[in-house]
Amino acid sequence: MSLAPRRDHVLLTPGPTPIHPRAQQALLRPMLGHMDPEVFALNREIQADLRQMYGAGEGTFTALLAGTGSLGMEAGFANLVEPGDEVLVCANGSFGHRMAEMAGRYGARVRLVTAPHGEAIRPEAVAAQLGGVQMVALVHGETSTGVLNPLPEIAELVRGSGALLTVDAVTTAGMEPFEMERWGVDYAYTGAQKCLSAPPGLAPVAVSDRALARFEARRTAVPLWYADFGGLRDYWERQTYHHTVPVNLHYALHAALRAALDEGLPQRQHRAAQVGRAILQTLAPLGFSPYVERAAERLPTVLALRLPPGFDDAGIRQALRVREISVTGGLGPTAGLIWRLGLMGETARPEPYRALMLALEELLGERGLAARFDEAVYGAARTVPA
Ligand SMILES: *Cc1c(COP(=O)(O)O)cnc(C)c1O
């Protein structure tokens with residue numbers, strides 16, 4: 001296996017995403033110790049920037065966990081659930097079911113609210129089951145099906161109930177509107193390699209003051225020592241040793257997060273919408289159609305497209321991979337039925353999708369896809385030769 005640099009790979013997967021150039025550059029910085037004053041200063045900037053990304057209040061504790069998004073998910077249940085607690089988990093896809101599995105392992109009595117694949121969780125279904133619940137858990141954007149769940153509406157119901165609200169913000173925070181304080185979200189997490197386009201290995205989390213109060217009132221020790229909020233606060237707030245944080249990944253995440261805030265979150269939201277619309281306009285005449293029926297329930301950062309009848313899913317994706325283009329298919333019940341095109345972070349740009357259209361022209365014998373895509377992205381003016 002050669003480690004020589006290779007030509008750019010076109011990564012259209014719904015995570016990981018290509019590393020932002022500023023994050024790539026930051027990875028070259030020399031190593032410092034995890035207790036170095038410069039690293040603590042960098043961490044403080046990361047904490048403030050995360051508060052901004054999540055739309056979090058002043059009393060919110062933000063930090064990076066040394067693991068992927070799933071560790072962010074697990075830390076929420078490990079710290080905020082005690083054995084016997086009633087936890088209402090909204091599960092309309094694989095990640096919702098992963099939440100239910102984890103909550104159960106930490107001793108929760110899990111109540112499930114489900115919806116058919118490709119459909120959003122209905123707020124009325126949540127309202128009907130809220131009585132006596134200590135926590136509600138929801139995936140904002142379900143990557144496995146491309147569904148955006150109605151978080152603001154569900155949050156409003158939960159707010160009056162006394163339950164904590166845990167939200168998986170992996171496909172939304174940093175790209176789509178996320179208003180932790182205004183909506184009343186108590187715990188949110190994401191993964192560095194999704195909307196922020198940083199290397200995998202860090203989970204940015206945010207813990208509201210209400211969730212911290214619940215944590216302080218625990219009767220039992222947190223069963224997951226590594227991600228105990230108390231230990232994390234020792235390091236992130238009191239600057240004492242808990243475990244060795246991956247300093248180089250902190251550099252890269254800091255740079256990627258700054259790049260996102262410099263660009264502006266509304267601009268990033270616009271990018272995802274614009275490229276997503278252009279992909280759909282280009283591929284619809286070939287028989288691709290949105291997997292999620294209702295337009296308001298489509299997750300802008302993961303475009304789930306139903307494949308045309310008779311389409312050779314595995315064969316075409318393999319031929320694309322030979323051309324250095326990675327496209328992700330369905331998962332579980334949607335395997336062979338859909339493609340899931342990523343529009344998070346650096347993937348939500350015209351250039352990588354133009355490369356897909358050029359390759360599909362060749363593989364499907366369909367001329368003019370790239371031109372149609374250009375026109376959809378930039379308007380007719382840009383496609384007229386000078
Ligand atoms: C990717 C993803 C996760 C899990 O993240 P890992 O980084 O793979 O651990 C959780 N939730 C959603 C919605 C995701 O898309």
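Atoms within a ligand are numbered from 1 in the order they appear, just like the ligands themselves.
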**Message:** Does either side chain, that of Thr334 or that of His117, offer a donor lying less than 3.5 Å from an acceptor on the other one?
**Reply:** no
**Asked** At what distance, to the nearest 0.5 angstrom, does CG of Leu280 lie from OG of Ser289?
**Response** 8.5 Å
**Request:** Drop me the distance from His34's NE2 to His242's NE2, to the nearest 0.5 angstrom.
**Result:** 11.5 Å
**Request:** Identify whether the distance between the nearest side-chain nitrogen and carboxylate oxygen of Glu45 and Arg258 falls below 4.0 Å.
**Result:** yes
**Complete:** For Val302, the other hydrophobic cluster members (4.5 Å side-chain criterion, sorted by chain and number) are Leu148, Leu299, Met344
**Fill in**
Looking only at protein heavy atoms, what sits closest to atom 11 (N) of ligand 1 is Asp168 OD2, 2.6 Å
**Prompt:** Where on Lys194 is there a heavy atom closer than 4.0 Å to ligand 1, on the side chain, on the backbone, on both, or on neither?
**Reply:** side chain
**Arg98 N/O under 3.5 Å from ligand 1 N/O** = no
**Item:** Arg349/Glu351 ion pair, N-O < 4.0 Å
**Value:** no
**Prompt:** Has Ala203 got any heavy atom lying under 4.0 angstrom from an atom of ligand 1?
**Reply:** no
**Asked** Could you go step by step and tell me if Arg98 and Ser70 meet the side-chain hydrogen bond (donor to acceptor under 3.5 Å, both in side chains) rule?
**Response** CA-CA 9 Å; Arg98 183 176 293 189; Ser70 300; 2.8 Å; yes
**Item:** Region of Leu71 engaging ligand 1 - heavy atom pairs below 4.0 Å
**Value:** neither
**Item:** Thr68-ligand 1 polar pair, N/O distance under 3.5 Å
**Value:** yes
**Gly141: numbered ligand 1 atoms lying under 4.0 Å from its heavy atoms** = 13 (C)
**Request:** Run the contact test for Gln193 against ligand 1 with a 4.0 Å cut-off on heavy atoms, strictly below, and give the result.
**Result:** yes
**Complete:** Per-atom filter on ligand 1: closer than 4.0 angstrom to a heavy atom of Thr171 are 15 (O)
**Asked** Which ligand 1 atoms are under 4.0 Å away from a heavy-atom of Ser70?
**Response** 4 (C), 5 (O), 6 (P), 9 (O)
**Request:** For atom 3 (C) of ligand 1, find the nearest protein heavy atom and state the residue, atom name and distance (0.1 Å precision).
**Result:** Phe95 CE2, 3.4 Å
**Item:** Carboxylate-amine/guanidinium proximity below 4.0 Å for Glu362 and Arg323
**Value:** yes
**Request:** Give the atoms of ligand 1, by number and element, whose distance to some non-hydrogen atom of Thr143 is under 4.0 Å.
**Result:** 12 (C), 13 (C), 14 (C), 15 (O)
**Prompt:** For Gln134, which residues count as a side chain to side chain contact (heavy atoms under 4.5 Å, CB included) partner, sequence neighbours excluded?
**Reply:** Asp85, Glu86, Arg214
**Prompt:** Who's closest to atom 5 (O) of ligand 1 heavy-atom-wise, of Gly191, Pro14, Gly69, Ala192?
**Reply:** Gly69
